[in-house]
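The next block holds one structure in the form of structure tokens; read it before the comments.
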Protein chains: 2
Amino acid sequence: MKETINILIVEDHLSFAQGMDLLLTQHPKVDRIDIATNRKDALEILSVQSIDIVILDLHFETNDYDGFIIAKKIKQLYPDIKIMILTQHAKKAHHKRLFEECKVDAYLDKKLGVEETFYAIDQVMNDEKYIDESIKEMLEIEGFMNISDREKEVLELLCQGFIHKQIADKLFIVHKTVEVHVRNLRQKFDVKNSAELCAKYAKYKNANRDNIDDTTSPFQE
Amino acid sequence: MKETINILIVEDHLSFAQGMDLLLTQHPKVDRIDIATNRKDALEILSVQSIDIVILDLHFETNDYDGFIIAKKIKQLYPDIKIMILTQHAKKAHHKRLFEECKVDAYLDKKLGVEETFYAIDQVMNDEKYIDESIKEMLEIEGFMNISDREKEVLELLCQGFIHKQIADKLFIVHKTVEVHVRNLRQKFDVKNSAELCAKYAKYKNANRDNIDDTTSPFQE
DNA sequence: ACTTCAATACGGGTTTTCCCTAAAAATCAA
DNA sequence: TTGATTTTTAGGGAAAACCCGTATTGAAGT
């Protein structure tokens, strides 16, 4: 592992980039930080400087390019450079495209604290991927939105303490069907049992009733 | 059931009483509304007016009396008058004292909406007791606060999907002991199984992390 | 010193959940 | 219509949770 780290920040809001600069200089191994506010500057700096990590915003004012295009270009020219994406609004589609198509190394939320940012830097320098917890949660919630109407009915009743047989009677189906729904729910929520399932559901149901648009949410009453 | 309802508001904050007045006049059956800002005025009005419901604040600026004392006095003089308590900060001790000692008929939260207030009025006029949902929840949470440190450890792990045996290993006890803790938790939370237990815990844990003082809360991390 | 209660542990039996596999029927979009 | 997804039903067996007790320890309070 290298002893010093050179970072390039590519971000068209200079003030944010400067704040980031200030934050990153606190990292013990970070040696030099460059800032580029557009693609041209970024590629120029990359051609003359030895850069280890590019911290990249997804959204730019111009329509000529965006974070995806820049990320792809950089990975194509310099495969060894780590790319960390900073975003305000994480989206599942972005997430897939970034990791599978653009091969980025990290996906962070802009309101991230110092410790998490440093941890992310250490991770990518160690050839590990990093996804911010709050983004992970967002992705998980998007996953939860895929639960079917029937599954949601079962889940609500399960959280109210009814056993499979009772749920079955309420929904006029057999208990084995309920069992299948619960199994599929466990899979979708990525949990080990009903207790964790209900805890997770109750948690996100409460936490996200005012920051998810309710027309697509499975949590509307 | 009477066709018209006369209400007396006993509340030392006049502006709040007037707001209440405005709200109550919207009720179809409410005929006349009086306001008293102290005990003397209240008793005087009660002696000359025919009052059906007294809406009473618990807290008064003076130290000479409070809502409890007024409620008891009124029930003693006029047993048929319904008393509805309005409060900002519900407490379990208050709740018991109000219903068992002062024989009040309703216990409401001050930030209550129109529909709930009207429903409460209809309830007490029907000789039914009424406790606001948010107060009910608060009382429940106070119940939850009786869980011991050990129980809380078990509960947290249970919500994370660990089975009794795994929880036992983490806490260096045997699985049978974990079972006892879970059983006691089910009793305290008044739920039927672990799924409901975890759902309820997760729900209140999230809902109340910023309106309960954390020094007495079992939910601190 | 005495009581109370939380925490610990054990046993045996019943109920419920969980896992695996399989497949028919209904619904919906292309 | 065809194909994909959802919803439904099903059986057997293992694992876990739940319920009924009893009982010991230690700490806290009176």
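In what follows, every chain begins at residue 1, and chains take the letters A, B, ... in the order their sequences are listed. The structure displayed is predicted, hence computed values, not measured ones.
- The shortest distance between side-chain heavy atoms of A:Ile70 and A:Phe60 falls below 4.5 Å.
- Listed by chain and number, the residues in a ring pair (Phe, Tyr, Trp, His ring centres under 6.0 Å) with A:Tyr119 are A:Tyr130 (sequence neighbours excluded).
- Residue B:Cys102 holds its SG atom at 11.5 Å from CD of B:Gln76, rounded to the nearest 0.5 Å.
- Under the salt bridge (Lys or Arg N to Asp or Glu O under 4.0 Å) criterion, A:Asp127 pairs with A:Lys82, not counting sequence neighbours.
- Against DNA chain D, the stretch residues 158-168 of chain B makes heavy-atom approaches under 4.0 Å through B:Ile163, B:His164.
- The structure places CG of A:Leu43 at 6.5 Å from CD1 of A:Ile74, a figure rounded to the nearest 0.5 Å.
- Note that the two end axes of the helix from C:dA9-D:dT22 to C:dA30-D:dT1 enclose an angle of 60°, each drawn from 5 base pairs, rounded to 10 degrees.
- In this structure, A:Lys200 and A:Asp190 approach most closely via the heavy-atom pair NZ-O, 3.9 Å.
- Among the candidates A:Val10, A:Ile55, A:Ile9, the single residue satisfying the side-chain contact (heavy atoms from CB on, under 4.5 Å) test with A:Leu86 is A:Ile55.
- In this structure the side chain of A:Leu171 reaches within 4.5 angstrom of the side chain of A:Arg150, judged on heavy atoms.
- Considering A:Lys129, A:Met125, A:Glu128 as possible partners of A:Asp105, the one that fulfils the side-chain contact (heavy atoms from CB on, under 4.5 Å) test is A:Lys129.
- A nucleotide of DNA chain C counts as in contact with chain B when one of its atoms lies under 4.0 Å from a heavy atom; the first and last such, 5' to 3', are C:dA6 to C:dG12.
- Rounding to the nearest 0.5 Å places CD1 of B:Ile83 at 12.0 Å from CD1 of B:Ile51.
- None of A:Lys152, A:Glu151, A:His164 except one satisfies the side-chain contact (heavy atoms from CB on, under 4.5 Å) rule with A:His181; the exception is A:Glu151.
- Listed by residue number, A:Ile173, A:Val174, A:Lys176, A:Thr177, A:Val180, A:His181 are the residues of residues 170-186 of chain A with a heavy-atom contact under 4.0 Å to DNA chain D.
- When side chains are defined from C-beta on, A:Gln166 does not count as touching A:Leu157, because their heavy atoms never get closer than 4.5 Å.
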